[in-house]
Every structure is written in structure tokens, then in C-alpha cells.
Amino acid sequence: MKKYLLLAAFLIVSTGLMAQKADTQKTSNPADSLLNSMSGDQKDLPVIGFRSTRLILSQTTETVKKKTLNFMVIHRFGDFAGKNGGGRFFYGLDDVADVYIGFEYGITDNLNIHLGRSTQPTLGGLADMELKYALLHQTTDNSVPVSLTVLGQVAVRPYNTYNSFGDRLSYFGQLILAKQFGSNFTLQVSPGFVQDNTAYPLVAGNQEGFFSLAAAARLKVTRHMNLIIDYAHPFSSFRTGANGFADPLGFGFEIETGGHVFTLNITNARSVSEINYLSNNRADYGKGQYRIGFTISRLFDFNHKSSYK
């Protein structure tokens, strides 16, 4: 059933993309204006280092604007190779590692609230709520040299058996620091902290709380396409290669067209949520445990009346 629901969502968004492309010469969509505003050559204007609020693993310093809704569908397929991949599993396309559906809404231009749901079966799924606030914006004249955003997240695992509701909760906090160099390259680093009230995986010696560090880069290829790389490392004496863990790493490219941003990627992370992939990533590139994934983001601007009839 999940595959059919996902396919339906993909077809709906794709149909909207094609319809929007056909109408761009007739009228301007508010979401188009939002994305088009993400480039400025005038002095003192904010620099837009990324074209979306999320890359492959990491969130970016960007926020959606006031009264704007960002709808996201993020998908991870199964292993491309290895014992659980290859031709007999159609290189992972016959399997689902994780599906995430999320909604971001701009309370103000700098403050977003986010609600999302991950369906990863091995960890019993995850429902999360998040606040994200942009503290600093890099400016075109470099009077503010970097962008800085802070986010806080609380998540609950709806399934499995726990001693109390508090044992189902996990928390994640992160500072996201980004700088654009020239007009084509952006680098981002993000220190964070994960607190699982129940350690994942639940085995002796595992740590419930630990620090992490993520790094991401974006290279502009054309006006509407960018190459991206995304990496994360948990600072945990338990989460080591000797214990079967691997650092999440992703490569991909993103394409923007009107109000849509589409990301196609390859990553060894089975989970979409930061809490899950930092706590329990056991997929290794060397064993063929990497997968194709994609993200579709669709912006809906409620600041103006639509010109469509």
C-alpha cells in the first residue's frame, strides 16, 4: 500500500510540475517569485546559498517565507547492490528503506514550524515536530559574512512497546552555519546533539546522548541545476566501524523548476530523519548498501491571491 500511495503522490506532484511549466509563459506563480527572489546582485541583500530547505541528509540555513507552505516527499529505496540488492531486487527499486512526508510553514520570514512522519520499519517509524529560526543572513556586500540558523526537534516513536511515553521520545538540536563563496559554491557545517530517551539500537554499551557534525556543499552547474554532497558523523564511542556502524554520506543533484525543487541522490543512509540516521546507520558503501533516493519539494505561497482560474 505504501508503494501505491507514494506513486500517487509522485504522479500528482509531477503533473503539477508539467502543468506549471506549460503555463509559465502565460502568468507568474507566487511560488516562482519566491524562488526567483533567491538571487540578488544588489548591495545588502541576503545571499541565498541553497535553493531549498533540505539537501540529502542535512537541512540548510534557508527558511520558507511567511505564509508559505513547503510540502516534501522524501524517499529512500532499498540496497542497490550486495546481498539485499542487485538485479533480483531491481537494484533496490523493489524495496523501501524509508519514506518521509513533511510540511514546513513560515510563521515569519525567519521562523518555520515543521511537522513530519517517517515510516522506516526497522525503527518503528518516527513522528517529529520542529522549530527552525534563521539568526543571520549572509549579505551580498559581505557585511554579514555567514548565514546562521538554529533548529530544535522533538520526535516520538508511535509503535513498539515502551515502559512509558517518555521512553518513546528523542530530541535533536543543531546550529547550521553556511557561507557562499562567489556565486557558484556554498559550504555548510552543522554541529548538533542527539538525545534518545531509549538508546537506538537498544543494546548494552550504547549511548543515549551524543554530539554530531555534518558538512554539506553545493556547486552550481547551470541556472537551475546544482551538484550536492552531504556527510554526517556521530561522535560516539559505540557507533564505530568495529561495531558495524558507518557514517552517512550522500551525493546527488537538484533541479529547480518554478515552485518545485527535485533532488535525486545516492546515499548509504537508510533513514531520512537526522535522529534515526545519526543514531543507527549500519549501511556501508563497501558492502553495496547504498540506495537511490529522491526529494520533491513543492512551495505554496498564501501571501497573494493566485492568478489561476
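Only heavy atoms go into these numbers, but all of them, side chains included; no hydrogens, no water, no symmetry mates.
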[X] side chain vs [Y] backbone, donor-acceptor pair below 3.5 Å:
{"X": "N197", "Y": "G166", "value": "yes"}
{"X": "S118", "Y": "L126", "value": "no"}
{"X": "N265", "Y": "I292", "value": "no"}
{"X": "D196", "Y": "T198", "value": "no"}
{"X": "R168", "Y": "Y159", "value": "yes"}
{"X": "Q289", "Y": "D284", "value": "yes"}
{"X": "T139", "Y": "P46", "value": "no"}
{"X": "S279", "Y": "I275", "value": "yes"}
{"X": "D98", "Y": "V272", "value": "yes"}
{"X": "N112", "Y": "L131", "value": "no"}

Who passes ring-ring contact (aromatic ring centres under 6.0 Å, His included) against [X], sequence neighbours left out?
{"X": "F193", "result": "F211"}
{"X": "F251", "result": "none"}
{"X": "Y171", "result": "none"}

Under 3.5 Å, is there a donor-acceptor pair between the [X] and [Y] side chains?
{"X": "Y162", "Y": "R157", "value": "no"}
{"X": "Q195", "Y": "S170", "value": "no"}
{"X": "T108", "Y": "N110", "value": "no"}

Holding to side-chain hydrogen bond (donor to acceptor under 3.5 Å, both in side chains), I want the full list of residues that pass it with [X], two or more places apart in sequence or in another chain.
{"X": "T263", "result": "none"}
{"X": "T60", "result": "none"}
{"X": "S58", "result": "D230"}
{"X": "Y100", "result": "H114, D128"}

List the atom pairs, with distances to 0.1 Å, where a side-chain N or O of residues 173-191 and a protein N or O form a donor-acceptor pair under 3.5 Å, not counting sequence neighbours.
{"residue": "K179", "atom": "NZ", "partner": "P145", "partner atom": "O", "Å": "2.9"}
{"residue": "Q180", "atom": "NE2", "partner": "I48", "partner atom": "O", "Å": "3.3"}
{"residue": "T186", "atom": "OG1", "partner": "G49", "partner atom": "O", "Å": "2.9"}
{"residue": "Q188", "atom": "OE1", "partner": "T61", "partner atom": "N", "Å": "3.4"}
{"residue": "Q188", "atom": "NE2", "partner": "Q59", "partner atom": "O", "Å": "2.9"}

Side-chain cluster (under 4.5 Å, hydrophobic types only) that F245 belongs to, other residues:
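Same cluster as F245: V203, F238.
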
Mind checking whether Y105 and F302 have parallel, tilted or perpendicular rings, split at 30° and 60°?
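It falls in the tilted class, 30° to 60°.
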
Any idea how H75 and F77 line up, ring-wise: parallel (<30°), tilted (30 to 60°), or perpendicular (>60°)?
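Perpendicular.
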
Minimum side-chain heavy-atom gap [X]-[Y] below 4.5 Å:
{"X": "L69", "Y": "L299", "value": "no"}
{"X": "F253", "Y": "L264", "value": "yes"}
{"X": "R270", "Y": "R76", "value": "no"}
{"X": "S273", "Y": "Q153", "value": "yes"}
{"X": "T63", "Y": "Y133", "value": "no"}
{"X": "Q138", "Y": "V146", "value": "no"}
{"X": "P248", "Y": "N281", "value": "yes"}
{"X": "F294", "Y": "I74", "value": "no"}

Going by the rule salt bridge (charged side-chain N to carboxylate O under 4.0 Å, His left out), which residues pair with R291 if we only count those two or more places apart in sequence or in a different chain?
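Scan of R291 (salt bridge (charged side-chain N to carboxylate O under 4.0 Å, His left out), adjacent residues dropped) gives D79.
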
Inter- and intrachain pairs under side chain to side chain donor-acceptor pair (under 3.5 Å), touching residues 204-221, at least two apart:
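Sorted pair list: N206-R239, Q207-S236, R218-N226.
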
Could you measure the distance from the [atom1] atom of [X] to the [atom2] atom of [Y]? Nearest 0.5 Å is fine.
{"X": "M72", "Y": "T295", "atom1": "CE", "atom2": "OG1", "value": "8.0 Å"}
{"X": "T149", "Y": "L111", "atom1": "OG1", "atom2": "CG", "value": "11.0 Å"}
{"X": "I107", "Y": "I113", "atom1": "CD1", "atom2": "CD1", "value": "5.0 Å"}
{"X": "F50", "Y": "S147", "atom1": "CZ", "atom2": "OG", "value": "9.0 Å"}
{"X": "K65", "Y": "K67", "atom1": "NZ", "atom2": "NZ", "value": "15.5 Å"}
{"X": "L55", "Y": "T53", "atom1": "CG", "atom2": "OG1", "value": "9.0 Å"}

Shortest non-hydrogen contact from [X] to [Y]?
{"X": "Y277", "Y": "A269", "value": "CB-CB, 4.3 Å"}
{"X": "G252", "Y": "I56", "value": "N-CD1, 3.7 Å"}
{"X": "G125", "Y": "R117", "value": "CA-NH1, 3.5 Å"}
{"X": "T267", "Y": "L57", "value": "OG1-CD2, 3.9 Å"}
{"X": "S52", "Y": "V261", "value": "CB-CG1, 3.9 Å"}

Could you go through the side-chain hydrogen bond (donor to acceptor under 3.5 Å, both in side chains) check for Y231 and D247 one step at a time?
CA-CA 7 Å; Y231 170 78; D247 287 352; 2.5 Å; yes

Determine whether [X] and [Y] fall in the same hydrophobic cluster, where Ile, Leu, Val, Met, Phe, Trp and Tyr are linked whenever their side-chain heavy atoms lie under 4.5 Å apart.
{"X": "F172", "Y": "L115", "result": "no"}
{"X": "V64", "Y": "M129", "result": "no"}
{"X": "L213", "Y": "L249", "result": "no"}

Please table the atom pairs, donor to acceptor, closer than 3.5 Å between any side-chain atom in residues 80-91 and protein atoms at least two apart or in another chain.
{"residue": "R88", "atom": "NH2", "partner": "K83", "partner atom": "O", "Å": "2.5"}

Aromatic ring proximity F210/F235, centre distance under 6.0 Å
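They do not qualify: ring centres at least 6.0 Å apart.
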
Counting only heavy atoms from other residues, nucleotides and ligands, does the tally under 6.0 Å from CE of M225 exceed 12?
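Yes, the 6.0 Å shell around CE holds more than 12 heavy atoms from other groups.
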
